[in-house]
Structure formats: structure tokens, C-alpha cells
Amino acid sequence: MLQLFGQSIIIPFSISMLIRLMPMISWNNPFIIALLLAYSLIMFIPYTFVTLQPIKIPTIQIIVLLYSFLSTASQALDLMVQATTLAKNPTIKTWSDSLFDGALIIAIMIIILMYQWRYGLPKVKLNRRTNLWLLALLTIFAIWFSGWNAFASGNNIFVSLIQFDIHRLSFTTSNILSGLEAGIAEEFIFRFAILTIIIDTLYNSRNRFIYAGLLSSLLFALMHSLNLFAGQNIGATLVQIGFAFAYGLFLSGIYLYSDLFYLPVLFHALLDTLVFLTSTSQVMTGKVLSSDILITVIECLIFFCLGLLLIQLKTKRQPHFQLHFFN
């Protein structure tokens, strides 16, 4: 256990020590920064094989994955440049503040671990039994909702359904990377790794798909409670948790039904990227109004029902677990 936690800190911190011990090197050189960023993506690979790969208990595997994202991957770049001349470098700061570097790190770690744990890799080939018309309608709906969520305007909710205001867009590298981070990291963790582990664990259960969808979505929702520590009020956090649970179940349904892992990644990345482009943050500010709660309840019901429908279609179509490449 000490090795698991200790090495995740020592590995990136050793780079910080190296930078401080070699001031004669021009560390702010773009080429050197590119090398450091590239190294950050692969520096945990030996640690992943040696320390994490031997873990076999599913519950511990899930805990390790969550820790690896919330701590190991997310803090890696900050630890690498801590108390060095690179701490205020604009490129480093953009990659660090957006957590995009952490998203790529955790994606690499998850791919290695899921393969080594014999859960396999995420599917990217369309299931032949998928109704293309249904999938197309859901794709259009997901794209529309992402736009509506970010740009809706008008005097009432009905007008806002078709009237968008895009003048609030603020295109910055940090905003775009922050949106992509959520689509990559959170989907690899919750819609691929945790969902797959739970389904595999419940292999003999007739309702394994729905249980896995609900549990992974619940963990996804509860993760948003961490926004309380970023200054978000309790009311806004509860609204965010409720929406995250329903939307997470919808994304689980999309993946299970279509066998296309990149669809929930794209849907989630689009939703969050547009949010960041209009507000620069996912932390909700201001007082939560009764109208906000009503709209959120409606959104949750829609996504929850769609998620259940898709998972039910998956259950009827494929009674035996064949989500990954080893089966």
C-alpha cells in the first residue's frame, strides 16, 4: 500500500528535483517542454505494470482507478514543476490547469490495466444489431442538448428550445482542453473501466447491465460532490449530482447498446467543452432557483429513461456478457 501511494508521488516529484538541481539547462525551451509533457504521459507505465497490475479484487481495482485519476494523474504535472522555473510557464500552466495532461495519463493507465486485468479493451466497432435510426436520433438529440445547455436564450423555456445565443463563446486553448479532459478521463474511468468491471463481477446476474449502469453512474455523480471544495454551494452541487447521475446512465446506455465507446466520449466532451467555452468553469455560481430545479428534474427524467431503455434493449439482445475483446 505504501508503494502504491508513495511511488505515485515520488515519480513526478523526482523530475522537479532534477529541474532544480540542473539550473544550467534552459528548461523553458519549447523543445524541452514538449519532451517533459511527452514524458509525463508515459512515466507511470512501469508503476502501472509493477504496482497496480497485480491487484485482482474488483472493489480494490475500482478504488485504485479512482485514486489514480483524482490524485496520481491529476497532480502529476503540478508535482513535476513544483517550485521550479517551469511552474509559471504558460504552456505548462495551460496543460496543468485544464487537467488535460492528467486525462491522457489516466487513459493510458486504464488501457494497460484493463488489458492486464483481462477485462479487455473498449469496443469501437458498431454492433450489427444496433438500430441505426435510433442511434442517429439519439446522436442528434445529444448534440442539440449540448448546444441548448450552453447557448439557450429567450424569454421562456419553449423559445429557448430553438433560440441560441453564441455571442458568449470564449475560444481559448485552456477552455477547449478542459472540456476534452472530462470527455476523455471520465469516460475511460466510468463508462469503460468501472462499468466493465462491475458487469464482469456480476456475470451470473440477469440484471448485470442495469446494476452496472446504475452503480457506475452513481459513482460518477458522487464525484461531482468534490465541487463543494471548489466553493460551489450545496444546492448547486445537489443539482449537478442529480444531472450527472442521469446523464451518466444515458452515456452508459449509449455504449452498451452501440458498442461504440467513442460515442459517449464525444457526447461528454462536446457537452463540457461548450460549457467551458461559455462560462470557463463547471463550478455553478449563483442561487439555485425553483425553475432551475424543475428544468434539471425534467432533464434527469429524460436521460434516465433513455438510459434505462437502451440498457434494456442491450439486455434483451445479448444475455451473455461480451462487452470486451476477451469474450
Engineer: Quick one, Phe151 and Leu169 - any side-chain contact, counting heavy atoms below 4.5 Å?
Structural biologist: yes
Engineer: Pairs in or reaching into residues 22-38: which pass side-chain hydrogen bond (donor to acceptor under 3.5 Å, both in side chains), with residues at least two apart or in two chains?
Structural biologist: Asn28-Asn89
Engineer: Supply the members, apart from Val50, of the Ile/Leu/Val/Met/Phe/Trp/Tyr cluster built from side-chain contacts under 4.5 Å; use none for a lone residue.
Structural biologist: none
Engineer: Okay, side chain of Gln61, backbone of Ile55: is any donor-acceptor separation there less than 3.5 Å?
Structural biologist: yes
Engineer: Are Phe209 and Leu214 side-chain neighbours, meaning at least one heavy-atom pair lies under 4.5 Å?
Structural biologist: no
Engineer: Using a 4.5 Å cut-off on heavy atoms from C-beta on, say whether the side chain of Ile194 contacts that of Leu66.
Structural biologist: yes
Engineer: Any link between Leu36 and Met17 through a network of hydrophobic side chains (Ile, Leu, Val, Met, Phe, Trp, Tyr) touching at under 4.5 Å?
Structural biologist: no
Engineer: So which atom in Gly183 and which in Val265 form the shortest heavy-atom distance, rounded to 0.1 Å?
Structural biologist: O-CG1, 3.5 Å
Engineer: Would you kindly check if the NZ (Lys) or CZ (Arg) of Arg317 is within the cone defined by 45 degrees around the ring axis of Tyr257 and under 6.0 Å from the six-membered ring centre?
Structural biologist: yes
Engineer: If a pair satisfies ring pair (Phe, Tyr, Trp, His ring centres under 6.0 Å) and one of its residues is in residues 33-58, list it, with sequence neighbours excluded.
Structural biologist: Phe44-Tyr47
Engineer: Contact between Ser216 and Ser252 at the side-chain level, heavy atoms closer than 4.5 Å - yes or no?
Structural biologist: yes
Engineer: Counting only N and O atoms by type, is there a donor-acceptor contact under 3.5 Å from the side chain of Trp117 to the main-chain atoms of Ile197?
Structural biologist: no
Engineer: Under 3.5 Å, is there a donor-acceptor pair between the side chain of Ser96 and the main chain of Ile92?
Structural biologist: no
Engineer: Can you get from Phe245 to Ile241 by hopping between Ile, Leu, Val, Met, Phe, Trp and Tyr side chains that sit under 4.5 Å apart?
Structural biologist: no
Engineer: Is a side-chain N or O of Arg191 found less than 3.5 angstrom from the main chain of Leu251, in a donor-acceptor match?
Structural biologist: no
Engineer: Verify the distance criterion only: is there a donor paired with an acceptor across the side chains of Asn127 and Thr130 at less than 3.5 Å?
Structural biologist: no
Engineer: With sequence neighbours excluded, what pairs up with Phe261 under the ring pair (Phe, Tyr, Trp, His ring centres under 6.0 Å) test?
Structural biologist: Phe188, Phe192, Tyr255
Engineer: So, do Ile112 and Leu52 sit near enough that their side-chain heavy atoms are less than 4.5 Å apart?
Structural biologist: no
Engineer: Leu180 versus Asp272: any side-chain heavy-atom pair under 4.5 Å?
Structural biologist: no
Engineer: Inspect the contact between Lys314 and Asp259 and indicate whether a charged nitrogen and a carboxylate oxygen are less than 4.0 angstrom apart.
Structural biologist: yes
Engineer: Which residues end up grouped with Trp133 if you chain together Ile, Leu, Val, Met, Phe, Trp and Tyr wherever their side-chain heavy atoms are less than 4.5 Å apart?
Structural biologist: none
Engineer: Assess whether atom NZ of Lys56 is packed by more than 12 heavy atoms of other residues, nucleotides or ligands within 6.0 Å.
Structural biologist: yes
Engineer: Is it true that Phe190 and His268 have ring centroids separated by less than 6.0 Å?
Structural biologist: no
Engineer: Using the side-chain hydrogen bond (donor to acceptor under 3.5 Å, both in side chains) rule, collect all pairs that involve residues 98-111, keeping only residues at least two apart or in two chains.
Structural biologist: Ser40-Asp101
Engineer: Would you please test Gln53 and Thr48 for side-chain contact (heavy atoms from CB on, under 4.5 Å) and show each step?
Structural biologist: CA-CA 6 Å; Gln53 186 268 336; Thr48 302; 5.9 Å; no
Engineer: Using side-chain heavy atoms (C-beta onward) and a distance below 4.5 Å, is Phe267 in contact with Ile254?
Structural biologist: yes
Engineer: Determine all donor-acceptor pairs shorter than 3.5 Å in which one atom belongs to a side chain in residues 299-310; sequence neighbours excluded.
Structural biologist:
none

Engineer: Can you list the residues that meet the side-chain contact (heavy atoms from CB on, under 4.5 Å) rule with Ile234, with sequence neighbours excluded?
Structural biologist: Leu228, Leu238
Engineer: If we ignore hydrogens and angles and just use 3.5 Å, is the side chain of Thr273 paired with the main-chain N or O of Leu270 as donor and acceptor?
Structural biologist: no
Engineer: Throw together a table of side-chain donor-acceptor distances under 3.5 angstrom for residues 79-87, partners on residues two or more places apart or in other chains.
Structural biologist:
from	atom 1	to	atom 2	distance (Å)
Thr84	OG1	Val81	O	2.7
Thr84	OG1	Leu86	N	3.2

Engineer: Given the rule in the side-chain contact (heavy atoms from CB on, under 4.5 Å) test, do Thr94 and Thr172 qualify, once you have shown the distances and angles that lead to the verdict?
Structural biologist: CA-CA 10 Å; Thr94 296; Thr172 67; over 6 Å; no
Engineer: Going by ring pair (Phe, Tyr, Trp, His ring centres under 6.0 Å), name the residues that satisfy it together with Phe69, two or more places apart in sequence or in a different chain.
Structural biologist: none
Engineer: Within the structure provided, determine whether Leu219 and Ile62 are in side-chain contact (heavy-atom separation under 4.5 Å).
Structural biologist: yes
Engineer: Ring pair (Phe, Tyr, Trp, His ring centres under 6.0 Å) with Tyr67: which residues, sequence neighbours excluded?
Structural biologist: Phe5
Engineer: Kindly give the cluster partners of Phe31, where membership spreads through any ILVMFWY side chain lying under 4.5 Å from a current member.
Structural biologist: Leu35
Engineer: Group every Ile, Leu, Val, Met, Phe, Trp and Tyr by side-chain heavy-atom contacts under 4.5 Å, then state whether Ile311 and Leu137 land in the same group.
Structural biologist: no
